[in-house]
A.B. asks: 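Please see the structure below; I have some questions.
Each chain gets a letter, A, B and so on, in the order its sequence line appears, and its residues count up from 1.
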Amino acid sequence: MYSRKTVIANATGLHARPASDFIAAAGEFESKIKIRRVGGDPEEDVGNAKSIINVLALGLAQGEEVELSAEGPDEKQAVDRLVALIDSKFGE
Amino acid sequence: MVYQGNPVSEGIAMGKVMLYEPFIPVVDGTAISKEEIPAALSHYKNARGGAKEELEALHSRLRQDDPGKAKIIKAHMDILFDVAMEEEIQDAISDGKSTEAAVDKIFRKYIRIIGKSADERIRERASDLEDVRCRLLRNCMGVKEKNLAFLTDPVVVVAKDLFPSDTASMDRKKVLAIVTEVGGPTSHTAIIARSYEIPALLGVPNILSGLQNGQQVIVDAVEGSLITDPTDEEQKAYKEKEIRFQEKAAETRQYLEGDAVTKDGVKIEVELNIGSANAQEIHDIQYTNGVGLFRSEFLYMGRDTLPSEEEQYKIYRKVLTQAGGNPVTLRTLDIGGDKKLDCMELPKEDNPFLGNRALRLCLQHRDIFKTQLRAALRAGTIGNLWIMFPMVGSLDDVRSAKAVVREVQQDLDREKIEYGKNIKFGIMIEIPAIAMIADLAVKEVDFASIGTNDLCQYTTAVDRLNQNVASYYQSYHPAMFRLIRYTVEQFNKAGKPIGVCGELGGDKLAMPVLLGFGMRRISMGIASLARAKKIISRLDLNLAKEMADKVCRMETAGDVEAYLKDSLKDII
């Protein structure tokens, strides 16, 4: 298990195209990956990072802090790659 | 049996009824035994496979015709195969829920969560989830898909209402006619039917319960009636009527080219309403004296990002080039009300038609407004550009809009970028308040165009999308004609162009009245163009003036309509 925190930096948040880009990237890894809103409800504010529905349901906006955690053979690469993607502001 | 309705797209058709009702799944909540779980799990996979095949077929059909719609179908596919939902559905089945109950439960859960999202663009995804829920459940229940995309025989489609998703995928070669219980002449269905030239009869109460699948009917979308189980004689009579209608339509089409000149020799400027400036619209400009309404908001719709200045510049340039020296009336971004954008989140309002829309919104989002104005001003170095502001209610609005134009001009001057120096600036007349001070407004603008759809909605206090009050939306209300007359008179007195670009401009009954008021420019969609030119060529302006005087003194919209039908019966 490996996890890291970061802050959503792009203006539109994790919606629309950024959300699609995010789950596409997550889908490239074998590990189970979770995305969690830091400070949110432990049951409700967590979702499967490979699920567009889960990611949209979280409705993460600019400025919110998230934690990415993964478990599996490529857990470190997965989390590092997704954090880098969020930090890149999805090219906005 | 004869039913009456509103003929919104003219034509006559005879054929078999297809009742088109959306599938409403009823889910059985009975629990399953442990032994049944493996079968239920594979039932889920099979149903999903069936749904996938349907979506793939739809996608490959739409990919060329309508890439925007194809993207939505692709999104449905992503929902269908969403990993988190799959896991939860399988867990629910393993807990003893039937396949249908498990699918229903998990989809409803996410429809609820997504539907509550703070972001409007996410909230709207709930309807995609709902679509996929129905498709998957229908496949679980083994019910065949019934939609308008795959029709084997030609049919008369009868429905309560049709949604954009229905008409988008509709196989228009197989649809003989459209009949619905709700909807009026400005509804989505009406606009689509006219552009596809499919006869349409809308607003026929209780028609669904009165008809059966396969029943033979005649749809007379000229007079506005539907006849069930016609006798041989009725069939014969209608076949003749249809031939006459086709002949008349062919004759009308001959008027498409050539100028519009009244019987007594007065030239009328007939212009075209365009939206996305696609190839067809660009082609059609040649049949007109210019573009009377370029709905620029179409450039902003169905996309995730705002169109750049350069992108807009190129499109404006293209339209100006095609129009030659004829006017191109560019209406600045008109959103809010019933029009939303994917690329811009707008707060939900209780009364959107009375809210922050069109120019009001642009004055608040200056950056977006300025980008559009820059693109337009730069494009205006060629051709004959007229820039028009929508939703103007006061001289304050006119002055604020012109102040932004001046700022943009100063920016361009400073950056030494060339822009059009002879561009005209004008307003839409669609709020009664500005119509009533047309004598003052005319001093501050170069031209105006009357948007009759919104003018009617604001004059009669009717939300034009609210079915319950549709009968109060009276385009022939005497107040409409009085407001239009006053506006036309004030602009003519000042010697400035005044036109019309709403539905009334192409309306066979109202258009002659507008000419009677002294209006000499009318703009409309391509579907009405040939007919309008034909009517003009047969119309004597003395008769038009006489009718114009009379309708302003009439008491009700019904009186006006009956009078115009009678007076114009030899012309239209």
A.B. asks: Is it true that, when you exclude A:E65 itself, more than 12 heavy atoms of the residues, nucleotides or ligands shown sit nearer than 6.0 Å to its CD?
C.D. replies: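 Check passes, neighbour count above 12.
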A.B. asks: Under 3.5 Å, is there a donor-acceptor pair between the side chain of A:N48 and the main chain of B:V83?
C.D. replies: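 Pair absent, no side-chain N/O of A:N48 close to backbone of B:V83.
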A.B. asks: What distance do B:K109 atom NZ and A:I53 atom CD1 have between them, rounded to the nearest 0.5 Å?
C.D. replies: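 With rounding to 0.5 Å, NZ (B:K109) is 11.5 Å from CD1 (A:I53).
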A.B. asks: In terms of heavy-atom contacts, does NZ of B:K370 have more than 12 from other residues, nucleotides or ligands at under 6.0 Å?
C.D. replies: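 Buried by this count: over 12 neighbours within 6.0 Å.
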A.B. asks: Of all the heavy-atom pairs spanning A:A57 and B:I114, show the shortest one and how long it is.
C.D. replies: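 That would be N-CD1, 3.7 Å.
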A.B. asks: Taking atom NZ of A:K50 and atom CG of B:D82, what is their separation to the nearest 0.5 Å?
C.D. replies: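 Separation between the atoms: 12.0 Å.
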A.B. asks: Within a strict 4.5 Å, meaning less than it, do heavy atoms of the A:L56 and B:Y110 side chains meet?
C.D. replies: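 Side-chain contact under 4.5 Å: no.
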A.B. asks: Check B:I122 against A:G59 and note the closest heavy-atom contact, atom names and distance.
C.D. replies: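 Looks like CD1-CA, 4.0 Å.
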A.B. asks: Return yes when atom CD of A:Q62 has more than 12 non-hydrogen atoms of other residues, nucleotides or ligands closer than 6.0 Å, and no otherwise.
C.D. replies: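 Yes, because the 6.0 Å sphere around CD of A:Q62 holds more than 12 heavy atoms from other groups.
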A.B. asks: Is B:E407 atom CD crowded by more than 12 heavy atoms from other residues, nucleotides or ligands, each under 6.0 Å away?
C.D. replies: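 Enclosed: over 12 neighbouring heavy atoms sit under 6.0 Å from CD of B:E407.
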